[in-house]
Amino acid sequence: MIRLHFFKTNFMETYLQGIIRQALIEIGVEENQIPPVKIEKPRDPSHGDAATNVAMLLAKTLKKNPRSIAEQIVSKIQPDSGKVKAAEIAGPGFINFRYADYFIYSELNTILDKGGDYGKSVENKGQKCLLEFVSANPTGPLTVGHGRNAVLGDTVARLLEWTGARVQREYYFNNAGRQMRMLGLSVQARYLQELGQPTEFPEGGYEGAYIGDIAKELVNEYGDALLNQEDEKVFKEKAEAVIFDDIQKTLKRMNIVMDSFFNENTLYEDGSIQKVIDVLREKGLAFDEDGAVWFKTTEFGKDQDTVLVKSTGEPTYRLPDIAYHANKLERGFDLCLDIFGADHIDTYPDVMNGIEVLGYDKNKVEVLVYQFVTLVKDGKPFKMSTRKANFVTLDELMDEVGEDVTRFFFLMRSPNTHLEFDVNQAKEAGEKNPVFYLQYAHARIKSILRKVAELEKFDAKADLTLLNHTAEISLIKKLMNFPDAVSNAAGSREPHRLITYLNELAQGFTSFYHDCRIIGEEKNLMHARILLAEATARVISNGLGILGINAPERM
RNA sequence: GCGCCCGUAGCUCAACUGGACAGAGCAACUGCCUUCUAAGCAGUAGGUUUCAGGUUCAAGUCCUGACGGGCGUACCA
């Protein structure tokens, strides 16, 4: 049997495109009149497995009605019976194809052969990607707000890896600046209070309980030896170390491991910040006014110029951002993807313009923007502010609802829409919780396979053509869509599409489970169904793996 | 004021990037556990896709304009 491993879905698509183009030429359509032949899969299974709309696209140029064009095309098509059954015309002029049985069963074999690799593609083969995400400064524990960023970033990374890319996960941070000084001062104040010194807590300081914990640690370590520190440096450094450690633990708990950490400070040390200003000045795009250095963003259509260096001599965050992105491109990545919250969106055009002026290809930089998360508890939104003690940390959230559920909920919705994280629904250990539906389907299959293994040995080969029940056929077809679902989610950077797919798959399995027994059926049929069940478990666990969620053996 | 995002079932959201009859999950109602996991299944009900125009064979999807919501619009990050 010829294996279609490396062409797979695309193989069928290019095949259909080929025979359609051939037919078009045969009926006398000029080469340059042929529109792009798009193959799509109909929503409604009764419309077949693949369809094209070329006839409708040609209606205008050929000045004929689409159905008659479709008829002409179909009359010239002689499909390979090993791949598709005859083409049909439907609706306003769609040409629908149905997969041949042989093709479907051979695809099922492919799934079983490829196993844990099924769904991987080569479309981004050789691409080097830098995915920057989280990038929270170490001023406090990761909160729910960071959670969406972290999970989205990591999952998009996994998706890109499945399409063949090499992805480096990078965390960008700044441990200098006012924020961090304030952090140090806050710890210092708590330290002094801890030792009974009358102290005023700094205005706008960090009030979270974790600050007090760090102070206590310092007391344990140093006693009162730090009473007469002139500045907050020791406190800041301690806080940074503790908090960073904490952040990494939280990430690890969420199944996220960074490949690199990039400190903003590097950009000052190696002079690249200065270089940005120099080049912008040289090109007449930076100028001095009121003691500050400005970026002439009005040149790019903004209604205001933008400050790069404040009159205090301190740069705004835009300047290092530009230098940082230049640095990324300098490192030779083909794609630099940033995960940004909606509140940061305004810096993006400045960065793009900046790096373009510096002579880099801004098409290599891409930003995935996600909207905010609202925690909902008991039907009420839970308002959070980072600086006040009033926030829910990611760890607390995971303590409450679990790691898998947390990841799933952050991924469930399109990045582009507000995410309402319903804690009550997430905590529900049962029916109301959409995560378990997927895991349950997987556990169920595994349970059956365990039972089967106790009964008898069977060889890996089986007569798959025995799988001809409606539920079986549509389950196999669903499995066949997995690679598309992966590359779709990867291409659009929208993991929720994969979740939608997996839900449909799990539904497909459950109706198979409902209609078709495995244990107790005639031996050959049982064997065939075991393979189908195995393939399904495989695809579910591959899919959940991409989402960074466990596929449990039993529940 | 200006810029970006959003508006789809009572609620939370999908809709494969312009395709065929707009779909799920909660919530509501009706059934189903001596048979491989009922964390499940089958069914009922729920819609003028905010409104008004436009583009075309075809619009929830694209363009214009209203209306409503979120975010941004700092010499804060």
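Per chain, numbering begins at 1; letters A, B, ... match sequence-line order.
Contact annotation for A/N137: backbone-only contact, meaning every heavy-atom pair under 4.0 Å involves sugar-phosphate atoms and none involves a base. Within the nucleic acid shown, A/D515 has no heavy atom closer than 4.0 Å to any nucleic acid atom. Here A/A90 lies in heavy-atom contact (under 4.0 Å) with a base.
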Throw together a table of side-chain donor-acceptor distances under 3.5 angstrom for residues 341-351 of chain A, partners on residues two or more places apart or in other chains.
residue : atom : partner : partner atom : Å
A/D350  : OD1  : A/K302  : NZ           : 3.4
A/D350  : OD2  : A/K302  : NZ           : 3.3
A/D350  : OD2  : A/R318  : NH1          : 2.2

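Between A/F261 and A/F173, the ring planes are perpendicular. Angles over 60° get that label, and only those under 30° would be called parallel.
Summarising the geometry, the separation between CZ on A/F509 and P on B/C41 is reported as 11 Å, rounded to the nearest angstrom. When the C1' atom of B/A14 is taken as reference, atom CG of A/N488 falls 14 Å away, rounded to whole Å. Taking atom CD of residue A/E494 and atom P of nucleotide B/A14, one finds them 9 Å apart after rounding to whole Å. Distance NZ (A/K60) to C1' (B/U56): 7 Å, rounded to an integer number of Å. One interatomic measurement links the two molecules: CD of A/Q304 to P of B/G1, which rounds to 17 Å at whole-angstrom precision. Atom CG of A/N503 and atom C1' of B/G25 are 8 Å apart (whole Å). Per the geometry, CG belonging to A/N53 stands 15 Å off P belonging to B/C16, to the nearest Å. Protein atom CG of A/L308 is 13 Å distant from nucleotide atom P of B/C76, rounded to whole Å.
Of the candidate nucleotides B/A20, B/C75, B/A38, B/A38 has the atom lying nearest to any side-chain atom of A/R444. Set against B/U17, B/C71, B/A20, the side chain of A/A51 has B/A20 as its closest nucleotide. Taking only side-chain atoms of A/L57, from C-beta outward, the nucleotide of B/C36, B/G19, B/U37 with the closest atom is B/G19.
In terms of the side-chain contact (heavy atoms from CB on, under 4.5 Å) criterion, residue partners of A/R529 (sequence neighbours excluded) are, by chain and number, A/L467, A/E472, A/F512, A/C516, A/I518, A/E521, A/L525. Not counting sequence neighbours, the partners of A/A292 by the side-chain contact (heavy atoms from CB on, under 4.5 Å) test are A/W294, A/V307. Residues passing the side-chain hydrogen bond (donor to acceptor under 3.5 Å, both in side chains) test with A/E522 are A/N524, sequence neighbours excluded. When the side-chain contact (heavy atoms from CB on, under 4.5 Å) test is applied to A/Y440, the partners found at least two apart in sequence or on another chain are A/R444, A/M555. For A/S68, the side-chain contact (heavy atoms from CB on, under 4.5 Å) partners are A/K64, A/N65, not counting sequence neighbours. Evaluation of the side-chain hydrogen bond (donor to acceptor under 3.5 Å, both in side chains) rule for A/Y501 yields no partner, not counting sequence neighbours.
Among residue pairs with one or both ends in residues 297-323 of chain A, those qualifying as ring pair (Phe, Tyr, Trp, His ring centres under 6.0 Å) are A/F295-A/F300; sequence neighbours excluded. Applying the salt bridge (Lys or Arg N to Asp or Glu O under 4.0 Å) test to pairs two or more places apart or on separate chains, those with a residue in residues 490-507 of chain A are A/E366-A/R493, A/K478-A/E504, A/E494-A/R497.
Listed pair A/S447 / B/U37 meets the phosphate criterion, a side-chain N or O lying under 4.0 Å from OP1 or OP2.
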Heteroatom pairs (N/O) under 3.5 angstrom, protein to nucleotides 3-12 of chain B:
residue : atom : partner : partner atom : Å
B/C5    : O3'  : A/N416  : OD1          : 3.3
B/C5    : O2'  : A/Q371  : NE2          : 3.3
B/C5    : O2'  : A/N416  : O            : 3.1
B/C5    : O2'  : A/N416  : OD1          : 3.4
B/C6    : OP1  : A/N416  : ND2          : 3.2
B/U12   : O2'  : A/R413  : NH2          : 3.2

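Applying the 90° cutoff around 0 to the glycosidic angle, B/U61 is assigned anti. Annotated as syn: B/C33, whose O4'-C1'-N torsion sits within 90° of 0.
Projected onto RNA chain B by closest heavy-atom contact, A/M56 and A/A292 fall at different nucleotides, the more 5' of which corresponds to A/M56.
Put simply, A/F94 rests on the base of B/A20: the two rings are less than 5.5 Å apart at their centres and nearly parallel, under 30°. In this structure, A/H47 forms an aromatic stack with the base of B/A20, since both conditions hold: centre separation below 5.5 Å and plane angle below 30°.
In the model, A/D44 has a side-chain atom that pairs as donor or acceptor with a side-chain atom of A/S46 under 3.5 Å.
Minimum heavy-atom separation, A/A489 to A/P495: CB-CA, 4.4 Å.
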Quiz item: Which parts of nucleotides 43-51 of chain B does protein reach within less than 4.0 Å, heavy atoms only, written one letter per nucleotide 5' to 3' as B for base, S for sugar-phosphate only and - for none?
Solution: ---------
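Applying the 6.0 Å contact sphere to NZ of A/K377 captures no more than 12 heavy atoms from other residues, nucleotides or ligands.
Paired runs in RNA chain B that reach 3 or more consecutive Watson-Crick or G-U pairs, where each pair keeps both distances under 3.5 Å, cover B:1-7 with B:67-73, B:10-13 with B:23-26, B:28-32 with B:40-44, B:50-54 with B:62-66.
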